[in-house]
Amino acid sequence: MPELPEVESVRRQLTPQLTGRRIADVWWDAHPHARLSDLDLAVGRRIERIVRRGKFLLCTLDPTDDGDTLELVLHLGMTGSFSIRPTEPTPTGLATTDHVRVRFDLDDGRTLRFADPRRFGRASVIPAGDYVDRIPTLATLGPEPLSSAFDPAAFAAALAATSAPVKAKLLDQRLVAGVGNIYADEALWRARIHPASRRVGRVRAGRLHQAIVEVLTAAVEREGTTFRDYQMVNGESGRYAAFLDAYGQGDRPCRRCGEPMRRTVIAQRGTTYCPRCQR
DNA sequence: CCTGGTGCCTGGGTGC
DNA sequence: TGCACCCAGGCACCAG
């Protein structure tokens, strides 16, 4: 379940490996449900830089001979991961046994492999910045939580504007970008807000804003959380799992008050919270 | 527009 | 041991 800290960790590992490299060849999975499109357009292009927006990785490609600027958009979904290894001398397509969905053969004898067992990830080449038509979620993405664009007053106003459970709003990506199930539970625990709460006033919104920033900052420092599937480009695990206070702690006492943590379902997502100190 | 519900996908776990 | 079933969840899509 790669969320902002995990995707940021992947970006930091990919950037020195891929920046300046030219994509010599691309192989990809023709599965009918694969969320892969126009990857052939990346052939011959050089990767100029990689930025992250929410849970998306955006790779800017150098202009084509026709002067078009394209962008490679990557999303890890639930189970996506990247690895870099020497290009196989005899290309045989994809190694489907380990769920490789895309192979980007680079100009330096190495291959970037995108594996994704559950096929929830995506990889698309689009005209740079053309999100409204191609990737609506990216077009309506909320502010980056670890930037000055994440404004407490605007966040409070957005929380007050609608009546869905606060956890659903955190998962929505339009109020704030990059928060998924793990860090939603963590931030709500830290802010002492019940995940099903439909009314979050200014004071609690301020606490939640601060909790989101703190939790994501701490998780980025630990290179994210490895709970099940996520791993980094180098195959290592994120180290934040040992610091989780809420997510996956359904059988433990609350680390703040000792009350047994409770597990429920909110917004169709498994949700763990403390019934005593999250009101 | 807002909200909640379903489906997509597959490995791993559970219960019989 | 085998097998049916269910669950994990980011996002697209749909209905009310």
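Reckoned from all heavy atoms, side chains included, excluding hydrogens, waters and symmetry mates. To find a chain, count down the sequence lines: A is the first, B the second, and so on, and within it residues start at 1.
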**Q** Taking only N/O atoms, report every protein-nucleotides 2-5 of chain B pair under 3.5 Å with atom names and distance.
**A**
residue, atom, partner, partner atom, Å
B/dT3, OP1, A/Ser163, N, 2.3
B/dT3, OP1, A/Ser163, OG, 2.7
B/dT3, OP1, A/Ala164, N, 3.3
B/dT3, OP2, A/Thr162, OG1, 3.4
B/dG4, OP1, A/Arg198, NH1, 2.9
B/dG4, OP1, A/Arg198, NH2, 2.8
B/dG5, OP2, A/Gln268, OE1, 3.1

**Q** Applying ring pair (Phe, Tyr, Trp, His ring centres under 6.0 Å), can you list everything that pairs with A/Tyr131, at least two apart in sequence or on another chain?
**A** none
**Q** Quick one, A/Leu72 and A/Leu39 - any side-chain contact, counting heavy atoms below 4.5 Å?
**A**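 Side chain of A/Leu72 against side chain of A/Leu39, heavy atoms only: contact under 4.5 Å found.
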**Q** Take atom OH of A/Tyr183 and atom C1' of C/dG9, then tell me their distance rounded to the nearest Å.
**A** 15 Å
**Q** Just grab all the salt bridge (charged side-chain N to carboxylate O under 4.0 Å, His left out) pairs involving residues 178-197 of chain A, residues at least two apart or on different chains.
**A**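 Counting only pairs at least two positions apart or across chains, the salt bridge (charged side-chain N to carboxylate O under 4.0 Å, His left out) contacts touching residues 178-197 of chain A are A/Lys167-A/Asp185, A/Arg190-A/Glu214.
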**Q** List every contact pair, protein side and nucleotides 11-13 of chain C side both N or O, where the distance is under 3.5 Å.
**A**
residue, atom, partner, partner atom, Å
C/dC11, OP1, A/His75, NE2, 2.2
C/dC11, N4, A/Arg269, NH2, 2.8
C/dA12, OP1, A/Thr137, OG1, 2.9
C/dA12, OP2, A/Thr137, OG1, 2.2

**Q** Let me have DNA chain B in dot-bracket notation, would you? Count Watson-Crick plus G-U wobble pairs, both distances under 3.5 Å, and use [ ] for pairs crossing earlier ones and | for inter-strand partners.
**A** .|||||||||||||||
**Q** Give the rounded distance in Å between these two atoms: CG of A/Leu170 and P of C/dG10.
**A**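 That distance rounds to 12 Å.
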**Q** Scan residues 151-160 of chain A for pairs that pass salt bridge (charged side-chain N to carboxylate O under 4.0 Å, His left out), counting only residues two or more places apart or in two chains.
**A**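 Listed by first then second residue: nothing to list.
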**Q** How would you list, by chain and number, every residue that makes a ring pair (Phe, Tyr, Trp, His ring centres under 6.0 Å) with A/Phe120, sequence neighbours excluded?
**A**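 With neighbours one apart ignored, the set is empty.
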**Q** For residues 260-273 of chain A, which residue pairs qualify under salt bridge (charged side-chain N to carboxylate O under 4.0 Å, His left out), counting only residues two or more places apart or in two chains?
**A**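 Non-adjacent pairs meeting salt bridge (charged side-chain N to carboxylate O under 4.0 Å, His left out): zero.
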**Q** Transitive ILVMFWY cluster of A/Ile266 at side-chain heavy atoms under 4.5 Å: who else is in it?
**A** none
**Q** Determine the contact category for A/Gly121: base if any of its heavy atoms lies under 4.0 Å from a base atom, sugar-phosphate if only primed atoms, P, OP1 or OP2 are that close, otherwise nothing.
**A**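 Contact class for A/Gly121: none.
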**Q** Show every salt bridge (charged side-chain N to carboxylate O under 4.0 Å, His left out) that has at least one partner inside residues 54-79 of chain A, sequence neighbours left out.
**A**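 The answer is A/Arg22-A/Asp62, A/Arg45-A/Asp62.
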**Q** A/Asn181 versus A/Tyr247: any side-chain heavy-atom pair under 4.5 Å?
**A**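 The answer is yes, as the side chains (C-beta and beyond) meet within the 4.5 Å cut-off.
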**Q** Between C/dC7 atom P and A/Met78 atom CE, what is the distance in whole Å?
**A** 14 Å
**Q** Relative to the ring of A/Phe150, is the ring of A/Phe155 parallel (under 30°), tilted (30 to 60°) or perpendicular (over 60°)?
**A**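 Judged by the thresholds at 30° and 60°, the geometry between A/Phe155 and A/Phe150 is perpendicular.
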**Q** Would you say CD of A/Gln210 has more than 12 non-hydrogen atoms from neighbouring residues, nucleotides or ligands within 6.0 angstrom?
**A**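 Atom CD in A/Gln210 is not crowded, with 12 or fewer foreign heavy atoms closer than 6.0 Å.
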**Q** Measure CG/A/Leu175 against P/C/dG10 and give the value in whole Å, please.
**A**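 After rounding, the reported distance stands at 16 Å.
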**Q** For nucleotides 11-15 of chain B, print each protein N/O atom paired with a nucleotide N/O atom at under 3.5 Å, atom names and distance only.
**A**
residue, atom, partner, partner atom, Å
B/dG11, OP1, A/His99, NE2, 3.0

**Q** Output all residues satisfying ring pair (Phe, Tyr, Trp, His ring centres under 6.0 Å) with A/Phe104, sequence neighbours left out; order by chain, then residue number.
**A**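 With sequence neighbours excluded, A/Phe104 shows a ring pair (Phe, Tyr, Trp, His ring centres under 6.0 Å) to no residue whatsoever.
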**Q** How about A/Val220 and A/Thr217: do any of their side-chain heavy atoms sit closer than 4.5 Å?
**A** no
